[in-house]
Amino acid sequence: MTTARRDTYTPQTLLSVAVRVFNERGYDGTSMEHLSKAAGISKSSIYHHVAGKEELLRRAVTRALDGLFEILDEEHARAGSAAARLEYVVRRMVEVLIAELPYVTLLLRVRGNTETERWALERRREFDHRVAALLKAAAAEGDVRGDVEVRLATRLVFGMINSIVEWYRPDVRGAGEREVGDAVVRLVFGGLRQSG
């Protein structure tokens, strides 16, 4: 385990270290002592920049959520057929997940035990609902299957995408970001597209 050196310490370094430790130990299993040791700084130095570990959690999950919500504001997510927008959103979700892997991993592991976790879960539900609305619109336009219930299809799509955090490692040779995005889109839309 590499620790951050004092002379290179920044609030961003601390956040990065906190996310790593939260992912390794679990948020509830992480103390300020764990964070100070991993960062190579004193607890008082941490408190100089943040109120505590929940503020670090809030910053981390906000980074992940902002990345996901920004997708919905991009031009290709707002213009065109619902199916084309949905395909774009699915591909971009994979890209954001991989680009922000530690942060999204943490987001997917929050359970609602703190105010920040409950807030994050509510924001995730909001994002899920917006993607589900796109899927519903694509079904109404006749571009995707209408014989699979929208909530079930949405959960299956999110399940496939979210599982990436469990196996994808950027430092290991294998599928890159683009290949993973292409594979997810092929699998999702191969099964969802209305045939004929």
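Just so it is clear, the structure is predicted and the values come from calculations on it, not from any experiment.
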query: Is Arg118 salt-bridged to Glu122, cutoff N-O under 4.0 Å?
result: no
message: Check this for me: does any side-chain nitrogen of one of Glu126 and Arg123 sit under 4.0 Å from a carboxylate oxygen of the other?
response: yes
Crowding at CZ, Arg178 (>12 non-hydrogen neighbours, <6.0 Å): no
Heavy-atom pair of closest approach, residues Thr154 and Asp128: CG2-O, 4.1 Å
- line: Correct closest heavy-atom pair for Thr30 and Lys53 would be O-NZ, 2.6 Å
field: Under 3.5 Å: donor-acceptor pair, side chain of Asn23, backbone of Pro102
entry: yes
Any donor-acceptor N or O pair under 3.5 Å, side chains His48, Ser45: no
field: Minimum heavy-atom distance Ala38-Val21, with the two atoms named
entry: CB-CG2, 3.5 Å
query: Given the rule in the side chain to side chain contact (heavy atoms under 4.5 Å, CB included) test, do Leu97 and Leu68 qualify, once you have shown the distances and angles that lead to the verdict?
result: CA-CA 8 Å; Leu97 186 146; Leu68 291 170; over 6 Å; no
field: Reported CG-to-CZ distance for the pair Asp143 and Phe189, which is rounded to 0.5 angstrom
entry: 10.5 Å
message: Could you measure the distance from the NE2 atom of His49 to the CD1 atom of Ile41? Nearest 0.5 Å is fine.
response: 7.0 Å
- prompt: Has the side chain of Glu149 got a donor or acceptor atom that lies under 3.5 Å from a matching backbone atom of Leu152?
  reply: yes
query: Going by atom types alone, do Thr13 and Ser16 pair a side-chain donor with an acceptor below 3.5 Å?
result: no
message: Distance check, rounded to the nearest 0.5 Å: Leu121 atom CG versus Arg125 atom CZ?
response: 5.5 Å
message: I'd like to know whether Thr114 forms a side chain to side chain donor-acceptor pair (under 3.5 Å) with Thr116, so could you lay out the CA-CA distance, the side-chain angles of the two residues, the decisive distance to 0.1 Å, and finally the verdict.
response: CA-CA 5 Å; Thr114 67; Thr116 295; 4.7 Å; no
field: Identified side-chain contact (heavy atoms from CB on, under 4.5 Å) counterpart of Val144 within the set Leu135, Val150, Val188
entry: Leu135
Verdict with supporting geometry, Arg91 and Asp182, salt bridge (Lys or Arg N to Asp or Glu O under 4.0 Å): CA-CA 7 Å; Arg91 182 180 305 278; Asp182 289 345; 2.4 Å; yes
message: For the CG atom of Leu107 and the CD atom of Glu100, what is their distance to the nearest 0.5 Å?
response: 11.0 Å
- prompt: Take atom CZ in Arg151; do more than 12 heavy atoms of anything else shown fall under 6.0 Å from it?
  reply: no
message: If you compare all heavy atoms of Ser81 against all heavy atoms of Glu141, which two are closest, and at what distance to 0.1 Å?
response: CB-OE1, 3.8 Å
query: Under the ring pair (Phe, Tyr, Trp, His ring centres under 6.0 Å) test, which residues partner Tyr47, sequence neighbours left out?
result: none
message: Could you measure the distance from the NZ atom of Lys37 to the OG atom of Ser31? Nearest 0.5 Å is fine.
response: 8.0 Å
field: Side-chain donor/acceptor of Arg78 to backbone N/O of Asp73, under 3.5 Å
entry: yes
- request: Could I get the full list of side-chain contact (heavy atoms from CB on, under 4.5 Å) partners for Arg85, not counting sequence neighbours?
  value: Ala82, Leu134
- prompt: Under a 4.5 Å cut-off applied to non-hydrogen side-chain atoms, are Glu75 and Tyr88 in contact?
  reply: no
query: Taking only residues two or more places apart in sequence, or in another chain, which ones meet Ser36 in a side-chain contact (heavy atoms from CB on, under 4.5 Å)?
result: Glu33, Lys43, Ile46
- request: Decide yes or no on side chain to side chain contact (heavy atoms under 4.5 Å, CB included) for Val104 and Asn162, but give the supporting numbers first.
  value: CA-CA 9 Å; Val104 176; Asn162 293 345; 5.6 Å; no
query: Could you walk me through whether Glu55 and Arg58 pass the salt bridge (Lys or Arg N to Asp or Glu O under 4.0 Å) check?
result: CA-CA 5 Å; Glu55 183 178 337; Arg58 166 85 62 162; over 6 Å; no
task: Please assess Thr62 against Trp119 for the test side chain to side chain contact (heavy atoms under 4.5 Å, CB included), listing each intermediate value before the final yes or no.
output: CA-CA 10 Å; Thr62 296; Trp119 169 81; 3.3 Å; yes
Any donor-acceptor N or O pair under 3.5 Å, side chains Tyr27, Glu117: no
Evaluation steps, side chain to side chain contact (heavy atoms under 4.5 Å, CB included), between Ile98 and Tyr168: CA-CA 8 Å; Ile98 290 173; Tyr168 183 82; 3.4 Å; yes
message: Could you check whether any side-chain heavy atom of Tyr103 comes within less than 4.5 Å of a side-chain heavy atom of Val61, counting everything from C-beta outward?
response: no
task: Output the distance between atom CG (Leu106) and atom CZ (Arg63), rounded to the nearest 0.5 Å.
output: 11.5 Å
message: Contact between Val110 and Leu57 at the side-chain level, heavy atoms closer than 4.5 Å - yes or no?
response: yes
